[in-house]
Amino acid sequence: MLLVRSRSEVGLWSEHTRKAGRRIGLVPTMGSLHAGHTSLIDVARRSVDRIALSIFVNPLQFGPAEDYESYPRDLERDLDVAAAAGVDLVFAPPDVEMYPNGEPGVNVVPVGGVDRLCGRSRPGHFTGVLTVVAKLFGIVTPDVAVFGQKDYQQLVLIRRMATDLNFPVDVESGPIVREADGLAMSSRNRHLSATDRKRALRLSATLRSCAQLFAGGHRDPQDFVRELHRAGGAGVSVEYGEVVHPESLAPVDRVEEGAVCAVAAFVGDTRLIDNHVLGTDPGF
Ligand code: AMP
């Protein structure tokens with residue numbers, strides 16, 4: 001496995017790889033790798049021959065009061081995880097390599113689907129995400145890029161960007177990988193105290209209740225929204241609990257199969273998100 005820090009080295013690797021007739025997959029991450037990330041590597045492997053994994057904690061997507069400084073970073077461990085998962089190239093650029101002139105003069109700004117869910121409380125977040133993903137697409141030139149359904153709004157907006165701006169890349173996705181007790185895997189789970197770790201289970205528990213409501217024939221969105229807000233309580237402050245259309249991300253009037261229940265909450269100081277696409281994964 002190669003570890004490269006510069007855009008030019010990645011460019012050379014991609015050029016050689018493509019000349020050799022190999023298809024390239026890209027899995028963008030912010031590091032602190034876990035089984036959710038490696039599952040995306042497995043998804044990529046189904047349709048490509050070589051896999052690039054990027055590790056970059058993107059300052060552009062963090063608000064001033066957010067956890068950019070304290071975001072977990074552990075490159076040595078990440079390299080071991082990536083090598084064991086069969087990654088061919090890790091691109092771990094320093095900030096100056098991604099933003100040589102400081103903040104970019106041109107950003108990719110989503111014009112729809114950002115006024116709700118995470119976009120409402122994190123102004124500028126998805127501009128930062130889309131801008132860095134567009135840059136990674138330009139640097140790595142992947143045939144396929146894989147993102148997790150865990151960040152559902154992000155996935156929708158990246159798909160939209162690739163379509164609307166004609167990026168020659170197939171955007172694929174992988175399902176949410178959970179701990180045995182249901183907690184969605186996240187790099188931020190490392191910040192949870194033992195007490196908060198237990199409290200965090202309330203997010204996946206309310207989503208499971210929503211799945212049961214749906215299976216039981218409930219179709220009124222208010223029933224689901226009420227259930228999602230039940231995640232709140234001692235040490236857990238719900239930021240949003242919504243049922244939205246899978247593509248427009250607009251709140252639904254009637255809950256149909258494929259609607260997405262999404263929840264965000266602060267558990268102690270740690271902000272966690274989780275979601276469930278109704279009517280999928282009967283074992284959830
Ligand atoms: P991050 O490093 O948190 O920015 O995530 C990098 C990629 O991994 C994104 O596409 C995420 O949606 C995805 N991801 C994060 N956690 C999970 C999970 N538990 N299951 C599946 N994908 C995940």
Side-chain angles (χ1 to χ4, degrees), residues 1 23-58 61 72 78 80-91 113 117-118 126 129-130 132-134 136-137 140 142-163 167 169-190 203-204 207-208 210-211 244 246-247 249 257-264 272-284:
M1 186 180 78
R23 279 164 57 80
I24 297 170
L26 170 66
V27 179
T29 80
M30 298 205 298
S32 272
L33 300 181
H34 50 67
H37 297 117
T38 54
S39 73
L40 304 182
I41 297 167
D42 295 338
V43 170
R45 197 177 292 106
R46 287 189 219 138
S47 53
V48 302
D49 312 292
R50 296 288 182 267
I51 296 171
L53 176 110
S54 61
I55 298 178
F56 181 61
V57 184
N58 173 33
Q61 70 189 66
D78 285 349
D80 290 342
V81 174
V87 167
D88 297 287
L89 173 135
V90 169
F91 176 44
L117 305 177
C118 295
F126 288 113
V129 170
L130 295 188
V132 80
V133 170
L136 289 168
F137 285 177
V140 181
D143 299 286
V144 172
V146 189
F147 298 86
Q149 288 170 16
K150 160 83 172 16
D151 297 87
Y152 192 89
Q153 188 173 21
Q154 168 176 290
L155 173 63
V156 167
L157 293 174
I158 289 170
R159 277 195 203 286
R160 240 181 242 175
M161 173 181 80
T163 303
F167 283 101
V169 53
D170 289 338
V171 174
E172 294 185 4
S173 69
I176 300 175
V177 177
R178 298 178 179 281
E179 303 286 357
D181 58 8
L183 180 67
M185 289 193 184
S186 164
S187 304
R188 289 186 169 99
N189 291 350
R190 291 183 182 201
L203 277 74
S204 52
L207 289 168
R208 253 197 314 275
C210 286
V244 298
E247 279 151 32
L249 302 178
E257 183 166 330
V260 184
C261 292
V263 61
L272 300 179
I273 59 172
D274 200 352
N275 69 79
H276 178 66
V277 182
L278 292 169
T280 63
D281 190 6
F284 174 60

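Please read these numbers as outputs of a predicted model, since none were measured by experiment.
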For [Y], does its backbone N or O pair with a side-chain atom of [X] as donor and acceptor, under 3.5 Å?
| X | Y | answer |
| --- | --- | --- |
| N189 | L272 | no |
| S173 | G148 | no |
| D143 | V169 | no |
| D49 | R23 | yes |
| E172 | A44 | no |
| D88 | A52 | no |

Less than 4.5 Å apart, side chain to side chain, heavy atoms only: is that true for [X] and [Y]?
| X | Y | result |
| --- | --- | --- |
| Q154 | C118 | no |
| Y152 | L249 | yes |
| L136 | F91 | yes |
| I158 | V129 | yes |
| D151 | I273 | yes |

Rounded to the nearest 0.5 Å, how far does [atom2] of [Y] lie from [atom1] of [X]?
| X | Y | atom1 | atom2 | answer |
| --- | --- | --- | --- | --- |
| R160 | L155 | CZ | CG | 11.0 Å |
| L40 | T29 | CG | OG1 | 9.5 Å |
| K150 | M185 | NZ | CE | 11.5 Å |
| E179 | H34 | CD | NE2 | 9.0 Å |

According to salt bridge (Lys or Arg N to Asp or Glu O under 4.0 Å), who are the partners of R178, at least two apart in sequence or on a separate chain?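 Here the qualifying residues are D274.
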
Tell me the closest heavy-atom pair linking [X] and [Y], and the distance in Å.
| X | Y | answer |
| --- | --- | --- |
| A134 | M161 | N-CE, 3.9 Å |
| V146 | P28 | O-CD, 3.6 Å |
| S187 | P72 | O-CG, 3.5 Å |
| L278 | C210 | CD2-O, 3.8 Å |
| L53 | A82 | CD2-CB, 4.2 Å |
| N275 | A262 | CB-CA, 4.0 Å |

Worked verdict on R190 versus S32 for side chain to side chain contact (heavy atoms under 4.5 Å, CB included): CA-CA 9 Å; R190 291 183 182 201; S32 272; 3.7 Å; yes

How far apart are the C-alpha atoms of V140 and S54, what are their side-chain angles, what is the distance that settles it, and do they pass the side chain to side chain contact (heavy atoms under 4.5 Å, CB included) test? CA-CA 9 Å; V140 181; S54 61; 5.9 Å; no

Which class fits the ring pair H276 and F284: parallel under 30°, tilted 30 to 60°, perpendicular over 60°?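 Correct class here is parallel.
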
With R45, which residues qualify under side chain to side chain donor-acceptor pair (under 3.5 Å), at least two apart? D42

Residues forming a side chain to side chain donor-acceptor pair (under 3.5 Å) with Q61, sequence neighbours excluded: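 For Q61 the side chain to side chain donor-acceptor pair (under 3.5 Å) partners, ignoring immediate neighbours, are N58.
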
With side chain to side chain contact (heavy atoms under 4.5 Å, CB included) as the criterion, how do T38 and V27 come out once you've worked through the C-alpha distance, each side chain's angles and the decisive distance to 0.1 Å? CA-CA 9 Å; T38 54; V27 179; over 6 Å; no

Verify side chain to side chain contact (heavy atoms under 4.5 Å, CB included) between I24 and V48, making sure each step is shown before the conclusion. CA-CA 6 Å; I24 297 170; V48 302; 5.9 Å; no

